[in-house]
Amino acid sequence: QMQLVESGGGLVQAGGSLRLTCAASGRTFSNYAMAWFRQAPGKGRWFVAAISWAGGSTEYADSVKGRFTISRDNARNTVYLQMNSLKPEDTAIYYCAADKRVGYAGSYVTLDSVGSWGQGTQVTVSS
C-alpha cells in the first residue's frame, strides 16, 4: 500500500486557480501511474486526470480538459494537479490515487485499478 497525502485545497472564486499536491511514500512511486478523482456532495467519485509512471502520457476528464494539468516529480515522490479557470461545479473533495499495476506504462486509471487512496482535500469554488 502506498501512503498518499494531499494538500493545497481551499476556497477560491470562480475563474481562480489552485494547485493540489500529493506526497507519496511506502512504495516505489515511479513504478505506478497516478491519478486524481473528485467527489461532490451527494455524488459518486469521478475520474479527473491521470499520468503514466514516466509522465509521458496523460488523460483528462472532458469536463476539465484545457483547464487542469496533471504532472509528477518522481525524484520528489509527488504528483500535482494545477487547476485554472475554476468553476463552481469543480467544488468537491479531491482524492489522489495510485494505480495498483506495477510498471503499467499507460495513463488509463479507473476506480477499479486504484490500489491506494489519499484522505482527500476540499476544493470550494464560489460564484
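Sorted by first and then second residue, the pairs that involve residues 25-78 and meet ring-ring contact (aromatic ring centres under 6.0 Å, His included), not counting sequence neighbours, are Phe37-Phe47, Phe37-Trp117.
At distances below 3.5 Å, not a single donor-acceptor pair connects side-chain atoms of Gln119 with backbone N or O atoms of Val5. Thr121 places no side-chain N or O within 3.5 Å of a backbone atom of Ser7 that could act as its donor or acceptor partner. Under the 3.5 Å distance criterion, the side-chain polar atoms of Arg67 are matched with a main-chain donor or acceptor of Ser85. Of the possible polar contacts, none joining the Arg101 side chain to the Val109 backbone as a donor-acceptor pair under 3.5 Å is found.
Between Lys87 and Asp90 there is no salt bridge, since none of the side-chain N atoms of the basic residue sits less than 4.0 Å from a carboxylate O of the acidic one.
Minimum heavy-atom separation, Ile93 to Gln122: CG1-OE1, 3.3 Å. Between Lys43 and Gln39, the closest heavy-atom pair is O-NE2, 3.0 Å. Closest approach of Gly115 to Gln1, counting heavy atoms only: O-NE2, 3.5 Å. Ser30 and Arg72 make their closest contact through CA-NH2, 4.0 Å (heavy atoms, listed as atom of the first residue, atom of the second, distance).
Rounding to the nearest 0.5 angstrom, the gap separating the OG1 atom in Thr78 from the CE atom in Met34 is 9.5 Å. Note that the OH atom of Tyr80 and the OG1 atom of Thr69 stand 14.0 Å from one another [nearest 0.5 Å]. Leu81 CG to Ser71 OG: the interatomic distance, rounded to the nearest 0.5 Å, is 8.5 Å. Here the SG-CG distance, from Cys22 to Leu4, works out to 4.5 Å after rounding to the nearest 0.5 Å. Taking CD from Glu89 and OG from Ser127, the interatomic distance works out to 10.0 Å, rounded to the nearest 0.5 Å. Distance check, rounded to the nearest 0.5 Å: CG of Asp99 to CE of Met2 gives 9.5 Å.
Placement of Val123 and Val48 within a single hydrophobic cluster is found when ILVMFWY residues are connected by side-chain heavy-atom separations under 4.5 Å, directly or transitively. Residues Leu111 and Tyr95 are members of one and the same hydrophobic cluster, defined by side-chain heavy-atom contacts under 4.5 angstrom among Ile, Leu, Val, Met, Phe, Trp and Tyr.
No hydrogens or angles considered: a donor-acceptor pair under 3.5 Å links the side chains of Ser57 and Ser107.
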Under 3.5 Å donor-acceptor pairs involving side-chain atoms of residues 11-21, not counting sequence neighbours:
unit_1: Ser17; atom_1: OG; unit_2: Asn84; atom_2: OD1; d: 2.9

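Under the 4.5 Å side-chain criterion, counting only non-hydrogen atoms from C-beta, Val64 is not in contact with Met83.
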